[in-house]
Amino acid sequence: MNKTHQDTNGLARHTALFLAAALLIPASALAQDDETLTKQVELEEAPEAKGESYFDYPGMDELPEGEFGEAVRSGMEAFVNTLQHPEAKRHVGNGQNCANCHLGGGMAANSSPMWGAWGIYPKYRGKNDHVNTMDERIRGCFTYSMNAGASEAGGPPKPDSQLLKDMQSFMFWSARGAPLGENLPGRGYRSVEKPEDGYSISRGKSIYEAQCAVCHSGDGSGKFTADGKQIFPPLWGEKAYNWGAGMHRINTAAGFIKYNMPLGKANPVKKHAALSDQEAWDVSAYMNSHERPQDPRWEGDKASTAEKWHDHACLYNQEVRGHTLGEGTQ
Amino acid sequence: MQRRHRLGPLPALLLIALAPATAAANDLGEKLAKEGNDNGAAACVTCHGADGGGNGAAGWPRMAGMNADYLAKQLDDMASGERDNATMKPIASGLSAEERRAVAEYYAEMEVPAEAPGTDAAKSVLERGQAIAQQGLWRKGVPSCVACHGPGGDGVGADFPAISGQHASYIENQLTAWQDGNRQNDPNDLMASVAKRLTEEEIKAVAAWFASQPARPSAE
């Protein structure tokens, strides 16, 4: 996409949203036109921590009072229990909560903590050639990780909506006292280099069955209570993140899995891994070799969508077990 | 797993249709619980209570309403020595595989005790315990207990037992046993890894909080 000045860009976006509302097009169809949301940029790696200590984020006993406190609490609830939050749940088109991929309620180091993210936006990135804002980043996670296109609202929360204000209040609070504009140790996920001999989906299947299925179920659908509360998040299928989410990239998911899963065994804040690099890649590839909701940037067919948006380590439009992935789930 | 009062009309009808088989299993389970057998298995009620509520002072766990597959696996493990406990070893070994299954189902079908076991821990200790149970101690990488044991700690299927409404003494004993390597029968070391990250003070607080909660049927 061409470089567009931010203002024009914002204007185009607002016009597009207005048109969508007028024509009753589901906002998800707009992901394609909404330039700010299409080019998801991979995060660069954070520097190593000096010693074992990370940024000292505030505790629950430091929650502020008053109107700002209300906003922080609401934003925290929207992050941790997205599926229950009255406003946030209207923008969730699958069975995920934000905290499912940002452990410790968005506070755990090496699990892409919000205190690490807050101070680095807005940020210009050559890769998508515009200034990326926090607002956009959150709406991006709604569009892809939460599959907002299939939600009641039909798309991510609007820029400047109360929900985005609340969520940003929470993130701002979580980063109180953190330096601005610095790539802090513990930010993002750690990267795990691709093993020399690549990866094996069938080895990944054995690892999955032995170490992951006990929580995420053999068919990847996770576990829910009878009244629909999430117990363990789904990893593939219609309730999972979609084909445009960062987690569908094998390298990104391997970095998350290695230091965060199996839950309780790995320990992100101590950089303690339960799996080897090879195992993390194998199981990440197996997890990402299943169907999930379609990429909202759909170009009309798999080949064109793959060519335009999937030039990275993923299995979109690849044949696995006799099936060409990228069909979507609906 | 399923408890009678939670079943809809269709499964309830099925239950009636299956009644003879279930009743037979229950008869055996009930007999074992109340009388034991001639093979070294003492009557369970002596320790675990007529209502399956256990005994906090003695460290005997409540079993009423817990998952049948979980209880059966524990009995199998205690019989084989996979879970090493001097009191339960002769009892579990004295039961046949069929008897272990029957008595596990008998306890699983029992109503959960109406009252929480209770605790005399101070309010500040309970608050700390609640925070550990519901939010974890992420600064050092401890997930919340409910992340695995399900909402409220009421249990998830056969693998994650209910810990709400459990006696504080028993919870403490188990967490300490995992820390010391005396209990090792958890799937993939999941519980051992978590227990080893806790201090004695944290164990006491979280155990007290779960004991202050009434047992509830699993929500899954």
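Chain naming here is simple, since letters A, B, ... match the order of the sequence lines and numbering starts at 1 in each. Every value quoted in this text rests on a predicted model; they were computed, and no experiment measured them.
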Which answer fits F224(A), side chain, backbone, both or neither, if we ask what part of it has an atom under 4.5 Å from a heavy atom of chain B?
-> backbone
W236(A) ring center within less than 6.0 Å of Y208(A) ring center = yes
Measure from the ring center of W118(A) to the ring center of F170(A) and say whether it is less than 6.0 Å.
-> no
So what's closer than 4.5 Å to chain B heavy atoms on K265(A): side chain, backbone, both or neither?
-> both
Any side-chain heavy atom of Y106(B) within less than 4.5 Å of one from L32(B)?
-> no
Mind ranking N188(B), V142(B), V194(B) by heavy-atom pairs under 4.5 Å with chain A and telling me who comes out on top?
-> N188(B)
With ring centroids as reference points, do F79(A) and H102(A) lie under 6.0 angstrom apart?
-> yes
Is it the side chain or the backbone of A266(A) that comes within 4.5 Å of chain B heavy atoms, both, or neither?
-> backbone
For the candidates A147(B), P187(B), G150(B), which exhibits the highest count of non-hydrogen atom pairs separated by less than 4.5 Å from chain A?
-> A147(B)
Does the ring of Y57(A) carry R139(B) above it, NZ/CZ under 6.0 angstrom from centre and within 45° of its axis?
-> yes
